[in-house]
Structure formats: structure tokens, C-alpha cells
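What you see below is based on every heavy atom in this structure, not just the backbone, and it leaves out hydrogens, waters and symmetry mates. Lettering follows sequence order; numbering is per chain, from 1.
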Amino acid sequence: MNKKIRELLYRSFEDDLTPSEQQRLDRALAESEELRAEKHRIAAMRSMISESSDKTFHPFFAEKVLRQIREQSRPAESFFDSLIEVFRPVAIAVTILFIVLLSYNLFKSDSKSLASAFAEPEIKLEQALDPTLAWVME
Amino acid sequence: MTDDQLIQASREGDEQAFKELIRRYESRVASTVIGMLGNCTEAEDVGQETFIRFYNNLKNFRGDASVGTYLTRIAINLSLNELKRRKRKSLIFFRKLSDDDFDIPDENSNTGFDDNKELVQQAIQKLEPKFRSVLVLRLMDGYSTAETAEILKLPIGTVLSRLARAQEKLKHILSPYLGDLK
């Protein structure tokens, strides 16, 4: 089949032919049985295609879209907000434990000082300094 | 209510108005997306994304094109992106898409399709995206060649030649099933 005629045949379905092109195609169709059969096949295929389209998604499509829109319009949590959310209970537990330990140390110790709260031995300034210095001072 | 009234109400936060727009245009978006991607989970995801993009761009929608055309343009672009993603995925896994991926059974097989609809949908999936998009818009969605050209931002001549080639290819794929028409 002539390539030009084939092109005209396809374009004829789009109502896109000039009068002279239409005349040429009509002449070719009148002369060729194969071309007439081809036209029939193309028409049948086009009809099959237009009838084959699916026109619906699954049920509740609109509701699903709206749910997603609602979710996206919620303010996004920042990374630090998420961290705070996760570590807040841990921080509270550690603080309580810390206060309990300080109270316990103070209760056990004779002197009520910061050092005793942290269960540190009470040392004098000289003891804290270098032992050699302590010896020189003596 | 008209589309313009529904859009105005949606801009003002009326959820029911936007729901009505979804109901009105679901079938058109479904036809485009399912035509492009086949009836699969991704098709529904792309359909949802189409309406979400529309919602996010309501403020910019000036009404130059009709709502249907605007939605179809979003749907076709998202579908083409999805097809690119699929292609990239198949390249990553060193897997070339072949005819077997679409499983069109031979004409004598009993494990074939219950109806022509499924058969045609599978055959369309065998076309390259540039041919598929023209075919879907023109023959499945029923847009004119001029509208198809406008949606795809192509010259009409290109649309016509791609449409002819798409039909040639599809006719070749479907030829065993068009037997009774020969």
C-alpha cells in the first residue's frame, strides 16, 4: 500500500484532509479492496480503544484525596520537635533520679554542703594541692 | 454550582466544594491515568496526586483552560514522570522491558482476556510513552487533535503523525485479535 495513501487514510479519521486529498483518497478506496478493508480495521480498532477506557478509581477516591490534603496542611513537625518528644520522658526520669540521689547523700552525710550532696569527701585546700607543695609548706 | 463557583469556594477552604470538583473530574483523570499506566496501584496514586497538585495550585488557577483540560495536563505529566521512574527502576535492576512484561497471550490461549477492554489496555502499555500519550488523549479521552496538541505542547502535525504511528503499532500488536475484521 502506498505510504502517502496510508497517511491520508489515518488523517481522514481526524477530518484533516483538504478537498484534493479527500478526492485522492476516495479514488484510492474505490480502486483497492485492501485499502477498504484497512479502513474498516482501523475504524474497528479506534472504536475498541475508545470503549476500553476505565473511568473510575477505587471506591472512596475523593475521601482519600481529601484525607491527604488534610494531612499535608497540618504543620510539619521539625526534627528538634521530634527529638524533644522522644527524649522528654527520659529527661524527666533522669532529673527525678538526680534529685533523689542528692537528697539521699545529704540525708546520709553529717554536714550539709554541696560536696556532701554530691558524696564527695571533704578535703582541705592543702590536700587538694600538690603533695610536694604541702611538704614544702610544712 | 458552576466549576468557577466551586473553585472559589475551595479557595476559601470549603472542603465539600473541592470534593464535588473531584467527583466531577474523577472519571476524566482516571481515563487519562489508567490509559497511560494501566489499571494498577500507581495509577490511583497518580490520580490522587493530580488532585492534590490542583488543590495546591488553586490560587494560581486563572481559568485560561477549562478545569478538565488543566487536570488532564497535570495527570498526563505525572503519568509521564511515573513512566520515567519505572524506566529508571528497570535500568537500575539491569532489566530491559520486553514484550513478555505485558503478557499478551496468543490468540488461541484460554488464559487470555475476558473482554476487549483488558486486551486493548495491555496492548496500549506496549507503546512508547510519546505515542501512548497522544493515543490516550485523542482516542480514549476524546480530545480533539488541537486540544491534544495544546495539552502536550506539541505542534498539531506532530500529534497527527504520532497518532498515525501509534495506531499502526497498535494494529500490528492487535492484529491476531482483529482477525474477524480482516
Side-chain angles (χ1 to χ4, degrees), chain A residues 1-18 20-22 24-25 28-29 32-76, chain B residues 13 15-16 18-23 26-35 38-39 41 43-44 47-52 54-56 115-121 123-124 135-136 138-142 144-145 156 159-161 163-168 170-171 174-175 177-178 180-182:
Chain A
M1 195 189 299
N2 184 324
K3 195 183 169 192
K4 181 68 185 167
I5 292 292
R6 184 182 288 270
E7 188 200 315
L8 288 180
L9 181 62
Y10 278 111
R11 275 179 50 205
S12 69
F13 287 96
E14 305 300 326
D15 297 327
D16 195 47
L17 300 185
T18 62
S20 65
E21 286 173 332
Q22 186 66 54
R24 191 176 164 193
L25 179 64
L29 281 167
S32 167
E33 195 184 332
E34 188 199 342
L35 192 62
R36 287 195 296 275
E38 180 75 354
K39 186 180 180 182
H40 191 51
R41 277 197 294 272
I42 294 169
M45 187 184 67
R46 287 171 67 100
S47 155
M48 270 171 81
I49 294 168
S50 59
E51 285 163 13
S52 72
S53 71
D54 256 325
K55 300 276 187 192
T56 51
F57 289 116
H58 292 121
F60 307 111
F61 176 78
E63 286 75 10
K64 286 182 209 164
V65 174
L66 289 174
R67 196 185 315 134
Q68 287 206 45
I69 289 171
R70 266 182 240 125
E71 278 171 18
Q72 76 167 14
S73 60
R74 242 186 276 155
Chain B
E15 209 174 73
Q16 288 309 311
F18 193 67
K19 193 174 182 178
E20 178 57 28
L21 279 172
I22 298 173
R23 287 213 177 105
E26 177 187 342
S27 63
R28 192 175 299 202
V29 170
S31 170
T32 305
V33 171
I34 295 171
N39 204 341
T41 321
E44 175 142 349
Q48 289 183 20
E49 185 60 25
T50 300
F51 283 102
I52 291 168
F54 178 51
Y55 183 84
N56 292 337
D115 53 23
N116 287 340
K117 185 174 162 178
E118 203 180 338
L119 170 69
V120 173
Q121 281 181 359
I124 290 171
L135 192 95
V136 166
R138 175 69 190 94
L139 296 182
M140 290 179 112
D141 294 354
S144 68
T145 44
I156 290 185
V159 169
L160 285 169
S161 65
L163 190 58
R165 285 197 62 192
Q167 289 175 93
E168 276 281 331
L170 205 61
K171 191 162 63 67
L174 292 173
S175 55
Y177 304 93
L178 295 169
D180 57 333
L181 294 164
K182 280 178 185 171

Report which part of [X] has an atom under 4.5 Å of a heavy atom belonging to chain A: side chain, backbone, both, or neither.
X: Arg138(B); result: side chain
X: Leu139(B); result: both
X: Asp141(B); result: neither
X: Ile156(B); result: neither
X: Glu168(B); result: both
X: Val136(B); result: neither
X: Ile124(B); result: side chain

- Please examine the side chains of Phe51(B) and Ile69(A), heavy atoms only from C-beta on, and report whether any two atoms are closer than 4.5 Å.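 Contact flag for Ile69(A)/Phe51(B) side chains = no.
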
To the closest 0.5 Å, what do you measure between [atom1] ([X]) and [atom2] ([Y])?
X: Asp54(A); Y: Thr32(B); atom1: CG; atom2: OG1; answer: 12.0 Å
X: Ser161(B); Y: Tyr10(A); atom1: OG; atom2: OH; answer: 13.0 Å
X: Asn56(B); Y: Gln72(A); atom1: CG; atom2: CD; answer: 4.5 Å
X: Glu14(A); Y: Leu163(B); atom1: CD; atom2: CG; answer: 5.0 Å
X: Leu66(A); Y: Gln48(B); atom1: CG; atom2: CD; answer: 10.0 Å
X: Arg46(A); Y: Met140(B); atom1: CZ; atom2: CE; answer: 13.5 Å

- Query: Is Glu26(B) paired with Lys55(A) through a side-chain N to carboxylate O contact shorter than 4.0 Å?
  - Reply: no

- Query: Going by an N to O cut-off under 4.0 Å, is there a salt bridge joining Lys64(A) and Glu49(B)?
  - Reply: no

- Qualifying residues under side chain to side chain donor-acceptor pair (under 3.5 Å), relative to Thr56(A), sequence neighbours excluded: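 So Thr56(A) forms no side chain to side chain donor-acceptor pair (under 3.5 Å) with any residue.
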
- Work out which heavy atom in Met45(A) is nearest to a heavy atom in Leu170(B); give both atom names and the distance.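 In this case the closest contact between Met45(A) and Leu170(B) is SD-C, 3.9 Å.
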
- Message: Looking at every non-hydrogen atom in both residues, tell me the closest pair between Lys19(B) and Ala62(A) and how far apart they are.
- Response: CG-CB, 4.0 Å

- Query: If you tally heavy-atom pairs under 4.5 Å against chain B, which of Glu7(A), Glu63(A), His58(A) wins?
  - Reply: His58(A)

- Message: Just so I understand: if I count every heavy-atom pair under 4.5 Å between each of Gly47(B), Ser144(B), Gly35(B) and chain A, which residue has the most?
- Response: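 Top count of heavy-atom pairs under 4.5 Å with chain A: Gly47(B).
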
